[in-house]
Amino acid sequence: MTAENPTPRPTRVRIAPSPTGDPHVGTAYIGLLNYLFATQRGGEFILRIEDTDRTRFHAGSEQMIFDALKWVGLTWTEGPEVGGPHGPYRQSERTEIYRKYAQILLDNGTAYKSFESEAELEEMRRQQTAAKQPPRYNGAHRHLTPEQISAYEAEGRPAVIRLKVPENTSTTFRDELRGDITFDHNNVDDQVLMKSDGFPTYHLANVVDDHLMGITDVIRAEEWISSTPKHVLLYKAFGWQAPNFWHMPLLRNIDKSKISKRKNPVSLNYYRESGYLPEALLNFLGLMGGGMAQPTEQEIVSKGLNTKEGDIFSLAEMIEKFDFKRISLGGPVFDLVKLRWLNGEYIRKQSPEAFYASLRRTILSDDYLQAVASLVHTRLETLGQFGDMTSFLFSDNVLPTDAVFLPKKRTLEETLAFVPEQITALESADWDLTSIESALKKLGEEKQWSVKENFMLLRAIITGSATSPPLVESLVVFGKARTLDRMRRFLEAQKKIRR
RNA sequence: GUCCCCGUCGUCCAGCGGUUAGGACACCGCCCUUUCACGGCGGUAACACGGGUUCGAAUCCCGUCGGGGACGCCA
């Protein structure tokens, strides 16, 4: 049952991000790891878009993912846009393929149709949870007769296709970092493989695609361990050789929970827009998990290294020295403080020309400066006032005093409780004038905050002042990632102050 | 609740049966300096706990505890 690897195949790995929002730092992390793995073995690193969830699909997301990965310096040889021999590389364009393979499973008895509605399933899980049972599909439609199936279909009831997990056995697979892991099938659910909308779930799609695309090694985050038995079962059901599995530790927040936007800037756009150098970010990501050997004492002496230089390395050095067998399994905390130090090291090492070029590429780009200029054009009397009016757009630390941000008729408590609501509203807004404005106004109406209170609070948080260029226009210029980050930092700062 | 993974300074890593348990970030002190930053020097700080195995355990085994993840017609 253990995945053996009798015939050596050329290494092929992939990352499979989902276009549901901003490009995620975890995507860059897993992307880096896959890239290193492939490059070290002379293999291929491919990019596949997992867009099978229509409800979470976000239009601009795919392009942002491409841009962000290129920004950090990763390149792939097959993918959407690039093409390749195993396309299409967008799962939404492969639905016929999944349908065909789902039918194979139906035919060979390793999957079955299931007709419960989502509401019924929800109720089932609710009862199980209430009874302190693990929530799990109860298998009611596992053994439907052909007649019953026809009857349901005649009724026009939508069906999903589920994996028929064999009873009274277990699945063992090898994790290349951890060794054998066994799951009793009592703890493996009859996972939905095809949704009623005709799209596959991740589980089916990733197995079919990985096989068809010749993926030899699946390097993904640890959160996938518990669904790996389902994938192994699928490979078996198809009679395919399973790839090797490498589960990487999860990046963590300061409190050790899985990294999340609530507690940590997680959008790669944030890092780009607030002036992190891509080499520094990549270097930092390479530090997470400890795949790089630290220099020995002799090396430090013979090469005249500063001790801290053991933490500083380029992509090329990672390709040369990164060792997957060295990866430590404890989830690393993504520590912004150390990232900032590292970034500072990179900035200090730049030539004056390179440093200036970096500024011109980001915080002082023509695009940015022009956008900022149009914000204050009619408001200043001398050009010298430009800085006075726009400094908040060029600062990283802006903190309003109570007197500035606290609305006259609101308590501190309700104000600090309202800010997270603003954050949530802005998170789901497209970043343009009308979307931002309507998101904020809608929230204000729901929560009985006047437009004035609502907007002045936000103005204070973002600009540090009660006077500023037009708020929403300023937010558009400042950018979504930085705006949200500033709001979260405001809350953090308040928490510290009040403690 | 069930299953799975993990457990060395606050954080990131080193250690892989015998070390005064090492480095980096952060923090503290001193030096450099018109200020700040950089830089230099020094310091505080960890093997979760309990049993084994062994002449000897941070290192191997078991248990406890702790942390995390998964349990979706999300990925």
Side-chain angles (χ1 to χ4, degrees), chain A residues 16-21 24 26-27 49-57 91 114-122 125 128-137 158-162 170 175 177-179 181-189 191-206 220-230 247 249-259 284 286-297 300 305-312 326-342 344-345 347-348:
Chain A
S18 212
T20 54
H24 198 276
T27 303
I49 294 291
E50 310 238 335
D51 54 353
T52 54
D53 185 351
R54 301 168 317 163
T55 59
R56 294 204 312 156
F57 180 79
Q91 290 186 330
S114 172
F115 294 87
E116 289 92 347
S117 70
E118 290 191 62
E120 288 171 323
L121 293 172
E122 210 170 294
R125 275 190 287 268
Q128 289 167 329
T129 310
K132 306 217 171 198
Q133 299 295 313
R136 221 155 96 60
Y137 178 62
V160 299
I161 297 174
R162 285 182 182 274
S170 63
D175 177 284
L177 261 19
R178 283 162 257 257
I181 299 176
T182 299
F183 282 84
D184 192 296
H185 285 188
N186 290 325
N187 299 311
V188 181
D189 213 349
Q191 184 65 48
V192 170
L193 302 175
M194 286 293 268
K195 308 179 224 180
S196 57
D197 65 1
F199 281 84
T201 59
Y202 169 87
H203 306 281
L204 206 224
N206 109 86
R220 70 202 340 176
E222 192 179 10
E223 56 188 333
W224 292 108
I225 288 179
S226 48
S227 39
T228 303
K230 295 167 190 172
H247 290 101
L250 239 24
L251 261 23
R252 308 295 183 93
N253 298 313
I254 319 60
D255 64 4
K256 297 275 189 182
S257 57
K258 170 167 119 172
I259 196 167
F284 184 67
L287 240 25
M288 303 279 89
M292 286 292 279
Q294 292 201 325
T296 61
E297 279 180 50
I300 291 171
L305 295 178
N306 189 307
T307 46
K308 75 188 176 192
E309 287 177 49
D311 280 347
I312 302 177
R326 286 184 64 89
I327 287 176
S328 53
L329 269 9
V333 171
F334 190 93
D335 182 4
L336 275 174
V337 175
K338 184 153 184 177
L339 205 210
R340 259 185 242 119
W341 164 78
L342 227 203
E345 286 289 316
I347 287 177
R348 271 173 241 120

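Heavy atoms only: backbone and side chains are in, while hydrogens, waters and symmetry mates are out. No experiment lies behind these values; they were computed from the predicted model shown. Each chain gets a letter, A, B and so on, in the order the sequences are listed, and its residues count up from 1.
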Interatomic distance, L336(A) CG vs rC12(B) P [rounded to whole Å]: 13 Å

Using atom P in both nucleotides, what's the gap between rG22(B) and rA45(B) to the nearest angstrom? 12 Å

Who pairs with D197(A) by salt bridge (charged side-chain N to carboxylate O under 4.0 Å, His left out), at least two apart in sequence or on another chain? R54(A)

Suppose we define a pair by two distances each less than 3.5 Å, Watson-Crick or G-U wobble; what does rC65(B) pair with here? rG7(B)

May I ask you to say what G344(A) touches in the nucleic acid, namely base, sugar-phosphate or nothing, with a heavy-atom cut-off under 4.0 Å? nothing

Interatomic distance at C1', rG43(B) relative to rA26(B), whole Å: 14 Å

Taking atom P in both rG63(B) and rC71(B), what distance in whole Å separates the two? 27 Å

Checking rG10(B), rA24(B), rC3(B) against the side chain of D335(A) (C-beta onward), the nearest is rG10(B)

Residue set satisfying side-chain hydrogen bond (donor to acceptor under 3.5 Å, both in side chains) with K195(A), at least two apart, ordered chain then number -> none

Give none if rC71(B) has no partner; otherwise give the nucleotide forming a Watson-Crick or G-U wobble pair with it, both distances under 3.5 Å. rG1(B)

Rounded interatomic separation in angstrom, taking CH2 from W341(A) and C1' from rC13(B): 12 Å

Reported CG-to-CZ distance for the pair D51(A) and F199(A), which is rounded to 0.5 angstrom: 7.5 Å

Using the C1' atom as the point on both nucleotides, what is the distance between rC13(B) and rC62(B), in whole Å? 29 Å

Charged N to carboxylate O below 4.0 Å: is that the case for R125(A) and E122(A)? no

Spacing of I327(A) atom CD1 relative to rA14(B) atom P, expressed in whole Å: 10 Å

Scan every strand shown for a Watson-Crick or G-U wobble partner of rC55(B), both distances under 3.5 Å, and answer none if you come up empty. rG18(B)

Please assess K258(A) against E222(A) for the test salt bridge (charged side-chain N to carboxylate O under 4.0 Å, His left out), listing each intermediate value before the final yes or no. CA-CA 10 Å; K258(A) 170 167 119 172; E222(A) 192 179 10; over 6 Å; no

Between rG1(B), rC12(B), rG39(B), which nucleotide gets closest to the side-chain atoms of E345(A)? rG39(B)

Sequence neighbours left out, what passes salt bridge (charged side-chain N to carboxylate O under 4.0 Å, His left out) with R136(A)? Give chain and number order. D189(A)

Can you measure I312(A) atom CD1 to rG23(B) atom C1' for me and round it to whole angstrom units? 13 Å

Separation of the P atoms in rA58(B) and rA21(B), to the nearest angstrom: 10 Å

Counterpart residues, side-chain hydrogen bond (donor to acceptor under 3.5 Å, both in side chains), relative to T228(A) (two or more places apart): R220(A), H247(A)

For atom CZ of R340(A) and atom P of rA37(B), their distance in whole Å: 16 Å

Please write out the pairs of protein N or O atoms and N or O atoms of nucleotides 69-74 of chain B separated by less than 3.5 Å, giving the distance to one decimal.
| unit_1 | atom_1 | unit_2 | atom_2 | d |
| --- | --- | --- | --- | --- |
| rG69(B) | OP1 | K258(A) | N | 3.0 |
| rA70(B) | OP1 | K258(A) | NZ | 2.8 |
| rA70(B) | O4' | S226(A) | OG | 3.2 |
| rA70(B) | O2' | S226(A) | OG | 2.8 |
| rC71(B) | O2' | P135(A) | O | 2.9 |
| rC73(B) | OP1 | R125(A) | NH2 | 3.3 |
| rC73(B) | O2 | S196(A) | N | 2.8 |
| rC73(B) | O2 | S196(A) | OG | 2.8 |
| rC73(B) | N3 | S196(A) | OG | 2.9 |
| rC73(B) | N4 | E116(A) | O | 2.9 |
| rC74(B) | OP2 | K195(A) | NZ | 2.5 |
| rC74(B) | O2' | D53(A) | OD2 | 2.8 |
| rC74(B) | O2' | R56(A) | NE | 3.3 |
| rC74(B) | O2' | R56(A) | NH2 | 3.3 |
| rC74(B) | O2 | R56(A) | NH2 | 3.4 |

Return the pairing partner of rC30(B) with a 3.5 Å limit on both distances, Watson-Crick or G-U wobble; otherwise return none. rG40(B)

Pairwise P distance, rA24(B) and rC74(B) [rounded to whole Å]: 49 Å

Quick check for you: to the nearest 0.5 Å, what is the distance between F334(A) atom CZ and L287(A) atom CG? 11.0 Å

Under the rule for side-chain contact (heavy atoms from CB on, under 4.5 Å), what residues qualify as partners of E118(A), not counting sequence neighbours? none

Expressed as a whole number of Å, how far does the C1' atom of rC25(B) sit from that of rA14(B)? 15 Å

Excluding sequence neighbours, so at least two apart, what forms ring pair (Phe, Tyr, Trp, His ring centres under 6.0 Å) with Y137(A)? none

Check: protein-nucleotides 40-42 of chain B nitrogen or oxygen pairs below 3.5 Å:
| unit_1 | atom_1 | unit_2 | atom_2 | d |
| --- | --- | --- | --- | --- |
| rG40(B) | OP1 | N306(A) | ND2 | 2.9 |

In whole angstrom, give the distance that lies between atom CG of L339(A) and atom P of rA26(B). 12 Å

Sequence neighbours excluded, which residues qualify as salt bridge (charged side-chain N to carboxylate O under 4.0 Å, His left out) partners of D335(A)? none

Qualifying residues under side-chain hydrogen bond (donor to acceptor under 3.5 Å, both in side chains), relative to Q91(A), sequence neighbours excluded: E50(A), D209(A)

Closer to the 5' end of RNA chain B via nearest nucleotide, is it R178(A) or V333(A)? R178(A)

Partner of rC47(B) under the Watson-Crick or G-U wobble criteria, both distances under 3.5 Å, comes out as none

Say we look at rU11(B) and rC27(B): how far apart would their C1' atoms be, to the nearest angstrom? 12 Å

Could you state the CG-C1' distance from L342(A) to rC13(B), rounded to the nearest angstrom? 13 Å

Atom pairs, N/O to N/O, protein against nucleotides 44-49 of chain B, distance under 3.5 Å?
none

Determine the interplanar angle of the Y202(A) and W224(A) rings, folded into 0 to 90°, and report it as parallel if under 30°, tilted if 30 to 60°, perpendicular if over 60°. parallel

Nearest to side-chain heavy atoms of S328(A), which nucleotide of rC6(B), rG39(B), rC13(B): rC13(B)

Nearest-nucleotide comparison on RNA chain B, the residue closer to the 5′ end among I225(A) and G291(A): I225(A)

With hydrogens left out and only the distance checked, is there a donor-acceptor pair under 3.5 Å joining K338(A)'s side chain and the base of rA26(B)? no

Atom pair distance, as rounded to whole Å: CD1 in I181(A) and P in rC4(B): 10 Å

For S226(A), the side-chain contact (heavy atoms from CB on, under 4.5 Å) test, sequence neighbours excluded, returns F183(A)

Looking at every strand, decide which applies to R220(A) at a 4.0 Å heavy-atom threshold: base, sugar-phosphate, or nothing. nothing

